[in-house]
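Basis for what follows: all heavy atoms, side chains included, without hydrogens, waters or symmetry-related copies.
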Amino acid sequence: MMRTLRKKMRKITELQTEERFKLSFLSYPVLCLSFPAAGSQQRVTPTGQSRNKVALKPGHSLLDWIRLTKSGRDLTGLRGRLIEVTEEELKKHNTRNDCWTCIRGMVYNVSAYMDFHPGGEEELMRAAGIDSTDLFDQVHRWVNYESMLKECLVGRMAVKPNPALQAQTEKTESTHMNGLSVPSPLRQEPLPAPLPAKDHRPRYDWFQTDGTVNIVVHTKRKIPSVGCAVVDLQDDTLRVDILLGKMSYLLYWRLSSEVQGSVDVQTAHSIGKVQVCLHKSVKEKWTKVGQPLEHHDTFIQCKDRELFYRECVLVSKTDVTHDTQVLRLQLPPGSHMQVPVGRHVYLKTSLQGTDVVKPYTPVDQTLIPPSRSSAEMASDLHLMIKMYPDGLLTSHLANLPIGSSLSVGGPEGSFTMRILRDVTHLYMLAAGTGFTPMARLIRLAFQDLTSIRKTKLMFFNRQERDILWCSQLDELCSKEERFEVEYVLSERADSWKGRRGRIDACMLQNFLERPEDSKCLVCVCGPTGFTELAVQLVKELDFSEEEIHIFQG
């Protein structure tokens, strides 16, 4: 009888977990080759690149995988030996029960991971017996595969010498995994693309006073009022990353002399100028900013730039709903981060000896934030996170005491202001925590986008208590005649007088207006099933691919 009862309870738990899995916009971080093109967990992607996830069998969660890797079981089939793998040998291991793949010169036996992969066996088999680095970078280049698969490491790929790489004078230091050095990278950050006739590449100058060193970046374009500069002063190194649409301009030095531990950043938006001010520890004349480090003064696509992490401090937690909080993270004194609208950052922490990484889209402190200085805004990061009791990372965050440290990487993402150019009617379809990328977009629409005549949000949730920032949305609606919000609940409640049900053609037909002389943009964000159905319905209303953008979860 007790056995039957345990089976029933386990079945109920599995169904509840599966339902949360389907409704969750922020999934747990794993090696997932089915993730959309490089950019983010909450990124804008072309329509049709939806996330393909499968329901995992009981006992095959991320935590279960970590337990398996710690169990001492031989996951490689080589009894601890590390070998050099030729291309011919790699090709032989291309079946379900004998699946090897190569990522950045290192070969892994991923056979044991098949049932743990949320993209399903079919997706993982795409990487069987081949160098899957390109495939991996297209979909989830940020995933901490070295930590996730370290017990699956077969060995190093036998690489033929590449004369082009040998000719390069600068080499990165080798990293090590399980005592095995990684071969010289075959995929270094690409060189800047050939410039058009008119040089649109940013440039920098520097000057000094008795007490300061100032670096001035001329971006040669207007930049958003929310900024685009990410500055990190760590010990004796200075890293300045200017995010310009899909491109990244990086300055990186080991400084000539010691400076104080804080930086000042000023931005002239209309002329596209960013100035970084360092304060000298000793009033002496510098002959140069410092020694250039790897990839200094390069201008490449953001997706090709290596992720950079800094240690932030958790300073507060604010309840938003019964299961959602805004975590306020304070950047270190030497860091200054202006996260462009629509971009996300990565939280990284070590749990049970494994690095767990997950992306989140920042929000402002409130939807209608109080007046405060730009310096204060740049020093804090606000992340709206739904806490799952059985979630590996979120359960850790829920119990994390104030004052604890978290590694924050990025920002990253493919959303650019260009898609909003000349838009007159901005429509947003959000489900659950799919609201997070919409929050800053709403504020941006009223602050900087003078062309927008109407902004409308249709917000889908299960229950009334799940609606994020409901009172603030209502307040904005009452203050701003150009803004409308409509709530839709999927679970019945006698007290609810608003719209009920799930997204369908009828409700969208009335919601998505297309006045004459208008330019419309429909942004969609939510669980995969919601997103796919919403996009299909919007297209059926004669909205084109160019008029639809997905923040894909």
Side-chain angles (χ1 to χ4, degrees), residues 12-28 41-42 314 316-328 358 360-369 382-400 428-443 456-479 483-504 507 511 523-531 533-534 551 553:
I12 292 172
T13 301
E14 290 169 11
L15 291 173
Q16 290 174 340
T17 301
E18 182 177 347
E19 182 63 19
R20 282 194 296 268
F21 180 79
K22 290 177 180 176
L23 290 170
S24 169
F25 173 59
L26 303 178
S27 66
Y28 59 74
Q41 160 252 14
Q42 293 173 341
L314 176 63
S316 70
K317 298 178 181 179
T318 304
D319 290 334
V320 179
T321 67
H322 63 102
D323 61 359
T324 303
Q325 294 181 328
V326 170
L327 271 59
R328 179 182 172 190
K358 192 172 180 181
Y360 293 97
T361 299
V363 297
D364 290 308
Q365 187 171 6
T366 62
L367 190 63
I368 310 173
H382 299 88
L383 303 177
M384 185 180 289
I385 300 176
K386 187 170 184 177
M387 304 296 180
Y388 295 95
D390 54 351
L392 185 59
L393 180 58
T394 56
S395 60
H396 171 76
L397 295 176
N399 297 316
L400 197 65
M428 290 168 280
L429 305 174
T433 45
F435 167 74
T436 53
M438 308 298 186
R440 295 183 71 204
L441 190 57
I442 290 171
R443 185 162 181 248
K456 298 172 69 175
L457 168 68
M458 185 172 282
F459 197 0
F460 296 80
N461 288 276
R462 296 178 62 186
Q463 302 176 12
E464 187 173 2
R465 67 173 186 164
D466 297 321
I467 302 175
L468 303 172
W469 278 351
C470 182
S471 60
Q472 295 185 49
L473 286 167
D474 291 342
E475 180 184 352
L476 180 61
C477 195
S478 64
K479 289 182 176 180
F483 179 66
E484 294 180 12
V485 60
E486 185 171 357
Y487 307 107
V488 184
L489 301 185
S490 60
E491 292 189 1
R492 294 187 62 84
D494 294 337
S495 60
W496 178 250
K497 305 303 180 183
R499 189 187 290 270
R500 299 175 181 176
R502 301 183 184 276
I503 188 169
D504 59 33
M507 64 176 66
F511 180 77
C523 293
V524 183
C525 189
T528 303
F530 168 85
T531 298
L533 178 56
F551 289 89

ask   = Going through the distances and angles, do Glu475 and Leu367 end up as a side-chain contact (heavy atoms from CB on, under 4.5 Å)?
value = CA-CA 10 Å; Glu475 180 184 352; Leu367 190 63; over 6 Å; no
query = CE/Met458 to CD/Glu486 distance, rounded to the nearest 0.5 angstrom?
reply = 4.0 Å
ask   = Is there a side-chain contact between Leu533 and Arg502, using heavy atoms and a 4.5 Å cut-off?
value = no
key: Heavy-atom pair of closest approach, residues Trp496 and Leu489   = CD2-CD1, 3.4 Å
query = What's the shortest heavy-atom distance between Leu468 and Thr433, and which atoms?
reply = CD1-CA, 4.1 Å
ask   = What do the steps show when you test Leu383 against Gln325 for side-chain contact (heavy atoms from CB on, under 4.5 Å), and what is the final call?
value = CA-CA 8 Å; Leu383 303 177; Gln325 294 181 328; over 6 Å; no
inquiry  = If we ignore hydrogens and angles and just use 3.5 Å, is the side chain of Asp319 paired with the main-chain N or O of His322 as donor and acceptor?
reply    = no
task = Report yes if some heavy atom in the side chain of Thr394 is under 4.5 Å from a heavy atom in the side chain of Lys386; otherwise report no.
result = no
message = Once rounded to the nearest 0.5 Å, what's the spacing between atom CZ of Arg465 and atom SG of Cys470?
response = 14.5 Å
remark   = From the list Leu327, Leu393, Thr324, side-chain contact (heavy atoms from CB on, under 4.5 Å) partner of Ile385 resolves to Leu327
key: Side chain proximity check, Leu397 to Met387, heavy atoms < 4.5 angstrom   = yes
note = Closest non-hydrogen atoms of Val488 and Gly501, given as atom of the first, atom of the second and distance, are CG1-O, 3.4 Å
Any side-chain heavy-atom pair of Val485 and Leu457 under 4.5 Å = yes
inquiry  = Ring-plane angle category for Phe459 and Tyr487, please: parallel below 30°, perpendicular beyond 60°, tilted otherwise.
reply    = tilted
key: Taking every non-hydrogen atom, the tightest pair across Lys317 and Leu314   = CE-CD2, 3.6 Å
request  = Could you grab the distance from atom CZ of Arg440 to atom CG of Asp364, nearest 0.5 Å is fine?
outcome  = 5.5 Å
request  = Supply the atom-to-atom distance Glu464 CD to Thr321 OG1, rounded to the nearest 0.5 angstrom.
outcome  = 12.5 Å
key: Minimal non-hydrogen separation, Ser395 against Pro389, with atom names   = CB-O, 3.6 Å
inquiry  = For Ser490 versus Arg462, what's the shortest heavy-atom pair and its separation?
reply    = OG-CA, 3.3 Å
request  = Before giving the answer on side-chain contact (heavy atoms from CB on, under 4.5 Å), spell out for Val363 and Phe435 the whole-Å C-alpha distance, their side-chain angles and the decisive distance to 0.1 Å.
outcome  = CA-CA 10 Å; Val363 297; Phe435 167 74; 6.0 Å; no
Heavy-atom side-chain contact between Cys523 and Phe551 under 4.5 Å = yes
query = Arg443 side chain to Thr366 main-chain N or O, any donor-acceptor pair under 3.5 Å?
reply = no
task = Take Tyr360 and Thr436 through the side-chain contact (heavy atoms from CB on, under 4.5 Å) test and state the conclusion after the steps.
result = CA-CA 9 Å; Tyr360 293 97; Thr436 53; over 6 Å; no
